[in-house]
Amino acid sequence: MNREKMAEVLEKIALLLELKGENPFKVRAYRQGAEVVMSLEEDIVGLAKADQLKGIKGIGEALRDKLGELAKTGRLEFYENLIAEFPDTIFDLFDVQGLGPKKIKALYEALGVDSLEKLKRACEADEVAKLAGFGAKTQVKILEAIAANEKFADRFTLGEIKPMVENILDTLRQHPEVSRVSVAGSYRRAKETVGDLDFLVATRQGARVCEDFTTLPEVDAVIACGDTKASVRLKNGIHCDLRAVTSAEFPFALQYFSGSKEHNVAIRSLALKKGWSLNEYGLNPTDRATARPEVNEEEDIYSALGLQFIEPELRENRGEIEAAMENALPRLVELMNLRGTFHNHTTASDGRDTLEGMVEEAMELGLQYLGISDHSKSSVYANGLDEERLLQQVKAIRELEEKLGGFRIFAGSEVDILKDGSLDFGDEILAKLDYCVASVHSIFNLDEATMTERICRAMENEHVTMLGHVTGRLLLKRDAYVVDHARIIDCAAATGTIIELNCSPMRLDMDWRWWKRARDKGVLCSINPDAHSRGGLHHLGLGVRVARKGWLRREDVLNTRSVQEVEEFLKTPKGAR
DNA sequence: GCCGTTTTCGGCCCGACTGTTTTCAGTCG
């Protein structure tokens with residue numbers, strides 16, 4: 001039993017109760033329970049096993065018992081009875097745009113529809129349109145939604161949709177009737193993947209702007225279009241909403257639609273305590289209210305509630321509101337703080353650009369130093385360097401550096417962590433490098449304890465400056481290999497090993513949820529693009545956003561330091577850094 | 001089912017949009 005499985009059971013119970021027409025608040029309680037299970041800092045499975053869930057907000061007596069049973073026996077009778085009432089394939093129906101519990105229930109009871117396949121056939125046989133509450137248009141929309149689901153992925157990585165978001169923002173800014181523009185939602189909060197996009201505009205001509213939005217070249221299908229809201233599906237399949245509000249409403253709408261839902265629930269209840277009812281249009285006095293604060297920007301809303309401004313990346317209800325009350329929010333790292341970066345590849349292994357090309361791009365970006373760390377010999381698939389080629393590369397780096405004068409190139413290696421935790425190069429070779437990134441690139445299927453031990457052993461090596469991509473995850477493609485993050489963070493703290501924030505768009509690894517803990521234990525971060533081409537260096541901005549989401553400050557990140565400081569750091573023995 | 005500075009019962013966010021209705025239910029965020 002693990003955290004994910006526990007949350008999934010609660011999530012599925014919520015759906016099944018909805019199908020049965022249960023009290024919506026009970027449904028919500030299960031859904032919130034799933035949320036709590038996923039976001040709790042402590043080891044929820046261990047706590048559940050030991051009957052120590054008491055006092056956790058959102059987990060009451062009933063959920064406590066159910067989680068306890070689940071953790072101890074791996075099963076839950078209540079759930080098994082519930083799930084036996086419906087076929088497993090019925091869950092797929094909830095993914096169809098426009099179908100909710102009531103409609104699914106009707107389809108199931110009247111037509112026996114319990115899978116996507118049966119739904120499709122029922123629509124094609126014109127049976128759905130005849131049902132009460134359904135009609136011809138609904139039937140067409142269901143078929144379209146099924147087709148869209150078959151054709152497209154339902155989530156996108158933050159990195160891959162960035163160019164498109166920038167494009168749409170530019171177009172909206174140029175609209176003559178639009179005065180203010182922003183993207184909101186999980187994209188603005190820098191979640192590693194997003195399921196949809198939310199755009200917000202200030203205008204007096206909502207209907208017209210909404211209409212124009214639906215004719216953008218990126219739009220594939222229009223789902224809805226009214227006076228204040230338009231909803232479309234873009235050609236790459238992503239769902240995209242536009243909200244049009246007045247300029248006075250804009251800060252409220254921006255706050256509201258940026259979420260997260262959990263953050264907003266907490267903010268609104270705080271507002272109520274102060275005598276204000278907060279929604280997407282404004283701050284309205286309840287009977288206890290004092291004078292209405294002036295709000296022109298989002299910052300003014302937080303300030304009216306007696307809070308420090310909370311950066312969007314932090315709005316996950318993970319302690320940011322409490323910190324803002326005490327004026328204790330960190331000043332987050334910014335892109336302009338970065339002076340260089342480590343973990344980059346060249347044509348020597350599997351990169352697409354030469355050493356000279358990579359350095360040139362780094363200089364263009366205004367960096368003062370660049371770390372080169374090509375793959376080591378065990379990564380045969382990536383043309384990894386053996387000892388001889390590595391030493392040649394070090395020589396080439398020193399020569400290029402000499403020629404450039406002033407720009408520092410750190411010679412390193414991304415050395416493979418072998419199965420037993422030993423390294424692909426011996427200490428005598430590693431000692432000749434300026435630094436070294438150690439990463440796992442093979443044998444991903446070890447159990448958690450063995451994998452964690454393997455990684456910790458590598459970190460104990462004096463020459464390992466930093467740990468590369470902690471879990472090896474490829475977002476939406478390959479799961480993380482299982483590691484005990486808490487132990488790895490402790491080990492990094494104990495050995496003075498840096499943990500990399502790999503900001504390749506597919507990775508964003510270590511996950512943002514762990515950085516605050518690492519920071520509090522004194523572990524240093526290095527924001528590394530894992531660049532395999534000149535363009536790859538541009539992902540540093542993405543890395544900064546994730547670092548911010550992990551509560552990191554400038555001083556928590558190695559590559560905000562100057563060349564001299566980094567040299568000093570690397571010269572100092574690990575234990576003394 | 002959860003929660004409590006309206007505290008053990010009675011609330012729990014609510015507004016926009018659509019389609020099928022003839023005044024509203026369902027979905028979505």
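Being a predicted model, the structure only gives us computed values, none of them experimental. Below, chains carry the letters A, B, ... as their sequence lines are ordered, and counting in each starts from 1.
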Taking 4.0 Å as the cut-off, does a side-chain nitrogen or oxygen of [X] come that near to OP1 or OP2 on [N]?
| X | N | result |
| --- | --- | --- |
| A/Thr138 | B/dT20 | yes |
| A/Tyr281 | B/dA16 | yes |
| A/Lys141 | B/dG19 | yes |
| A/Thr228 | B/dC17 | yes |
| A/Arg28 | B/dC13 | yes |

Closest nucleotide among [options] to the [X] side chain:
| X | options | value |
| --- | --- | --- |
| A/Lys102 | B/dC28, B/dG26, B/dG1 | B/dG26 |
| A/Ala224 | B/dC17, B/dA16, B/dT20 | B/dC17 |
| A/Lys229 | B/dG19, B/dC17, B/dC13 | B/dC17 |
| A/Lys103 | B/dT20, B/dT27, B/dG1 | B/dT27 |
| A/Tyr30 | B/dG29, B/dC17, B/dG1 | B/dG1 |

| query | Does A/Lys66 make a cation-pi contact with A/Tyr79 (under 6.0 Å, within 45 degrees of the axis)? | reply | no
Tell me: [atom1] of [X] to [atom2] of [N], nearest whole Å?
| X | N | atom1 | atom2 | result |
| --- | --- | --- | --- | --- |
| A/Leu242 | B/dA16 | CG | P | 15 Å |
| A/Ile238 | B/dG29 | CD1 | P | 12 Å |
| A/Glu18 | B/dG1 | CD | C1' | 14 Å |
| A/Ile142 | B/dT18 | CD1 | C1' | 13 Å |
| A/Asp198 | B/dG29 | CG | P | 9 Å |
| A/Leu107 | B/dA25 | CG | P | 19 Å |
| A/Leu15 | B/dT27 | CG | C1' | 14 Å |
| A/Ile13 | B/dC2 | CD1 | P | 11 Å |

| field | Check: B/dG1 base within 3.5 Å donor-acceptor of A/Asn23 side chain | value |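 Counting by modelled atom types and ignoring angles, a donor-acceptor contact under 3.5 Å is found here.
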| Relative to the 5' end of DNA chain B, which residue comes earlier, A/Val27 or A/Asp196, by the nucleotide with the nearest heavy atom? |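 Here A/Val27 is the residue nearer the 5' end.
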| message | With nearest nucleotide decided by heavy atoms, which residue, A/Gly133 or A/Gly100, maps closer to the 5′ end of DNA chain B? | response | A/Gly133
Between [N] and [M], how far is it from one [atom1] atom to the other, in whole Å?
| N | M | atom1 | answer |
| --- | --- | --- | --- |
| B/dC3 | B/dT8 | P | 16 Å |
| B/dA16 | B/dT21 | P | 24 Å |
| B/dC17 | B/dC12 | C1' | 24 Å |
| B/dG26 | B/dT20 | P | 14 Å |
| B/dT6 | B/dG11 | C1' | 10 Å |
| B/dG29 | B/dC13 | C1' | 12 Å |
| B/dC28 | B/dT22 | P | 24 Å |

| task | Mark yes or no for whether A/Arg3, through its side chain, and A/Leu40, through its backbone, hold a donor-acceptor pair below 3.5 Å. | result | yes
| Which base sits across from B/dC3 as a Watson-Crick or G-U pair, both distances under 3.5 Å? | B/dG10
| field | Positions of residues 49-73 of chain A (non-hydrogen atom under 4.0 Å from DNA chain B), listed by number | value |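 Of all residues in residues 49-73 of chain A, the ones placing a heavy atom under 4.0 Å from DNA chain B are A/Ile56, A/Lys57, A/Gly58, A/Ile59, A/Gly60, A/Glu61, A/Ala62, A/Leu63, A/Lys66.
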[atom1]/[X]: more than 12 non-hydrogen atoms of other groups inside 6.0 Å:
| X | atom1 | result |
| --- | --- | --- |
| A/Glu85 | CD | yes |
| A/Glu211 | CD | no |
| A/Asn23 | CG | yes |
| A/Arg173 | CZ | yes |

| message | For the residue pair A/Ser258 / A/Arg188, report whether a side-chain donor-acceptor contact shorter than 3.5 Å exists. | response |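 Distance-only check passes for A/Arg188 and A/Ser258.
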| message | Testing the 3.5 Å rule here: is there a donor-acceptor pair between the side chains of A/Asn236 and A/Glu218? | response | no
Would you mind classifying the nucleic acid contact of [X] as base, sugar-phosphate or nothing, using non-hydrogen atoms under 4.0 angstrom?
| X | result |
| --- | --- |
| A/Asn264 | nothing |
| A/Pro24 | nothing |
| A/Gln97 | sugar-phosphate |

| message | Can you tell me how far apart CD (A/Glu42) and CD (A/Gln52) are? Round to the nearest 0.5 Å. | response |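 Spacing of CD (A/Glu42) from CD (A/Gln52) equals 10.5 Å.
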| said: Determine whether the aromatic ring centres of residues A/Phe86 and A/Tyr108 are separated by less than 6.0 angstrom. | reply: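 Yes - the distance between ring centres of A/Tyr108 and A/Phe86 falls below the 6.0 Å cut-off.
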